[in-house]
Structures are given as C-alpha cells and as structure tokens.
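The structure appears below as structure tokens.
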Amino acid sequence: MTDATYNLNGGFKPTTKRSADLDGPDFFPTPRWATFALIDNEKFTGSTWECACGDGAMSGVLEQATPRVLSTDLYARGFGEAGHDFLKAARKSDNIITNPPYNCAEGFVANGAKLANRKFALLLRLAFLEGANRANTIFSRIPPARVWVFSERITFYMKGANKAGSGTTAYAWFVWDKDAPSGTELKWLKPGYKARYS
C-alpha cells in the first residue's frame, strides 16, 4: 500500500513510515537528547529564538543554555506563540535554533542566515549536504561554520505515537556562526547523549 504522505505538500519524506499530523504538516518533536548534544558543544550568548517550537520539546532544553528563549510556531501546538511564519519573518535574534519542517529547510536557511546576529543552528538530515541546487544556492554563498554529525541515530515519532524501533536516517546540526572564520568544519558528536538525556 502506498503511503499517502510520501509526497506530502510536494516534498518527499525520508521514509514512507511517516504519517501526517492533522494539526499541520511535518510535526515530529525533537528528542531532548538531540538538543543537549548541540548545547554541550556550541556556546550561545544572548537571546535565542526557537522559530518552529512545536510542543516546546527543544525550547525546554534551550532555556538551560541561554537566558532568554522566544518560542514561536506557525501552528498552535499548545506551546509558544502561534501564527508566526518564519519564512516571512523579519524579527532578529542573537541566535536562532530549530528543527525545521522537512519541506521548508532551504527557506529556513535563507531567512535564518539573515535574521541571526550571532549563530543559526538547524537540525537537518545529513543528506542535506548533497544536491547541485543547494551547492549553488546555499553552500557556495553561505556555508555553515560547522556540521556536527550524530554518531547515534535519532528516531522521530509523531506526538503520542508508540515509541518502537530505531531511526534509519542520519542527522546533523548545521551551525552558521557569524564570528567564525570562513570554511566549514566537519565534526562528530560523541556517542552517549541518548543514554544520558533520554
């Protein structure tokens, strides 16, 4: 049987096992340990904006790392301010950190690079590094300062779903740092975050 969400909103999903979220497309909360992996390896000073906050899973961790966290989302999911479309936003913040909707990742990069004063971090599939279009429109113009590759696989579940099995897709934190020298560093996150922070 064909998965009706495989080409949801014109964007292909990394696996046919995903199913749609009736409160808005592409909502798979980020496991806490994946955000701890970022804040243990990157220092953030000043304000932070979580611009696709969902149910607040990432925001709760970010509040332990930065003094002020603003949480917004396009959809009302019971946390933060709803009705904010990041792709049309003009608000600036010292840092912007999020796990963007799969179908909008390139747009998030383009706008986030303009709106973050210091650092901009996106949790993306490692395969985001591939593709001629991204090579020409993103990586040749605004390459990230660092790419932190997860040694452990992240499994994303829909809110309320039974948690079983493991992920099959490799992920990384892509960090744009306006104070970093030019060029991109490839780094690996040490194993153990899943056990320590789950």
Side-chain angles (χ1 to χ4, degrees), residues 21 23-24 26-102 104-105 107-109 111-124 144-161 163 167 171-180 187 189-198:
D21 172 13
D23 293 329
D26 212 12
F27 177 45
F28 296 82
T30 304
R32 292 175 70 249
W33 68 268
T35 307
F36 274 109
L38 174 69
I39 65 173
D40 279 359
N41 290 281
E42 290 280 345
K43 299 304 175 197
F44 297 92
T45 57
S47 61
T48 297
W49 180 13
E50 213 292 41
C51 55
C53 70
D55 63 356
M58 188 178 289
S59 295
V61 177
L62 294 176
E63 288 170 356
Q64 300 180 40
T66 59
R68 298 181 310 279
V69 177
L70 171 67
S71 301
T72 66
D73 202 299
L74 180 59
Y75 298 96
R77 306 190 195 277
F79 188 89
E81 300 174 15
H84 294 266
D85 185 348
F86 183 71
L87 299 181
K88 298 177 181 176
R91 166 191 285 159
K92 291 203 167 192
S93 179
D94 291 324
N95 309 290
I96 299 173
I97 304 170
T98 198
N99 174 3
Y102 176 78
C104 306
F108 269 63
V109 171
N111 213 25
K114 292 186 292 186
L115 300 180
N117 294 324
R118 293 180 176 164
K119 288 186 180 181
F120 173 52
L122 286 184
L123 180 59
L124 299 167
R146 288 171 294 282
V147 177
W148 290 94
V149 180
F150 278 90
S151 301
E152 302 169 277
R153 288 285 170 91
I154 304 175
T155 305
F156 290 95
Y157 298 96
M158 267 183 52
K159 183 79 171 173
K163 296 182 179 180
Y171 284 87
W173 278 107
F174 289 66
V175 179
W176 285 262
D177 181 351
K178 299 204 171 169
D179 293 324
K187 294 174 171 278
L189 296 164
K190 293 180 180 178
Y193 284 101
K194 186 182 291 189
R196 195 183 326 163
Y197 294 110
S198 289

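Remember, predicted model here, so these are calculated numbers, not experimental data.
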OG-CD distance between Ser71 and Glu63, expressed to the nearest 0.5 angstrom =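 Answer for the OG-CD pair, Ser71 versus Glu63, is 6.0 Å.
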Interatomic spacing from CD in Glu81 to CG in Leu70 - rounded to 0.5 Å =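 Interatomic distance, Glu81 CD to Leu70 CG, rounded to 0.5 Å: 5.5 Å.
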Shortest non-hydrogen separation from [X] to [Y] and the atoms involved:
{"X": "Tyr75", "Y": "Asp73", "result": "N-OD1, 3.0 Å"}
{"X": "Cys51", "Y": "Thr98", "result": "SG-CG2, 3.7 Å"}
{"X": "Leu87", "Y": "Gly107", "result": "CD2-C, 3.4 Å"}
{"X": "Ile96", "Y": "Gly112", "result": "CD1-O, 4.2 Å"}
{"X": "Trp173", "Y": "Thr35", "result": "CZ2-CA, 4.2 Å"}

Which of parallel (below 30°), tilted (30 to 60°) and perpendicular (above 60°) describes Phe86 and Phe108?
->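 Rings of Phe86 and Phe108: tilted, 30 to 60°.
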Using the six-membered ring wherever Trp is involved, compare the ring planes of Phe150 and Trp33 and label them parallel, tilted or perpendicular (cut-offs 30° and 60°).
->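 The arrangement is perpendicular - the two ring planes meet at more than 60°.
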Side-chain donor or acceptor of [X] paired with backbone N/O of [Y] under 3.5 Å:
{"X": "Asn117", "Y": "Lys92", "value": "no"}
{"X": "Lys119", "Y": "Ile97", "value": "no"}
{"X": "Glu50", "Y": "Ala52", "value": "yes"}

Can a donor-acceptor pair be found between the side chains of Tyr171 and Asn99 at a distance below 3.5 Å?
->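 No, Asn99 and Tyr171 have no side-chain donor paired with an acceptor closer than 3.5 Å.
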Does the side chain of Trp148 pick up a donor-acceptor pair with the side chain of Glu42 at under 3.5 Å?
->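 Indeed, the side chains of Trp148 and Glu42 share at least one donor-acceptor pair under 3.5 Å.
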Check side chain to side chain donor-acceptor pair (under 3.5 Å) between Arg118 and all other residues, then give those that pass, not counting sequence neighbours.
->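 For Arg118, the residues satisfying side chain to side chain donor-acceptor pair (under 3.5 Å) (neighbours in sequence not counted) are Thr45.
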Going by the side chain to side chain contact (heavy atoms under 4.5 Å, CB included) test, name the single residue among Asp94, Thr72, Leu62, Val69 that passes it with Trp49.
->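 Passing option: Thr72.
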Pairing residues for Lys178 by the salt bridge (charged side-chain N to carboxylate O under 4.0 Å, His left out) criterion, not counting sequence neighbours |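 Lys178 satisfies salt bridge (charged side-chain N to carboxylate O under 4.0 Å, His left out) with no residue once adjacent residues are dropped.
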With a distance cut-off below 6.0 Å to the six-membered ring centre and an angular limit of 45° from the axis, does Arg77 pair with Phe79 as a cation-pi contact?
->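 Verdict for Phe79: no cation-pi partner in Arg77.
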Is it true that Tyr197 and Phe36 have ring centroids separated by less than 6.0 Å?
->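 Ring-ring flag for Tyr197/Phe36: true, centres closer than 6.0 Å.
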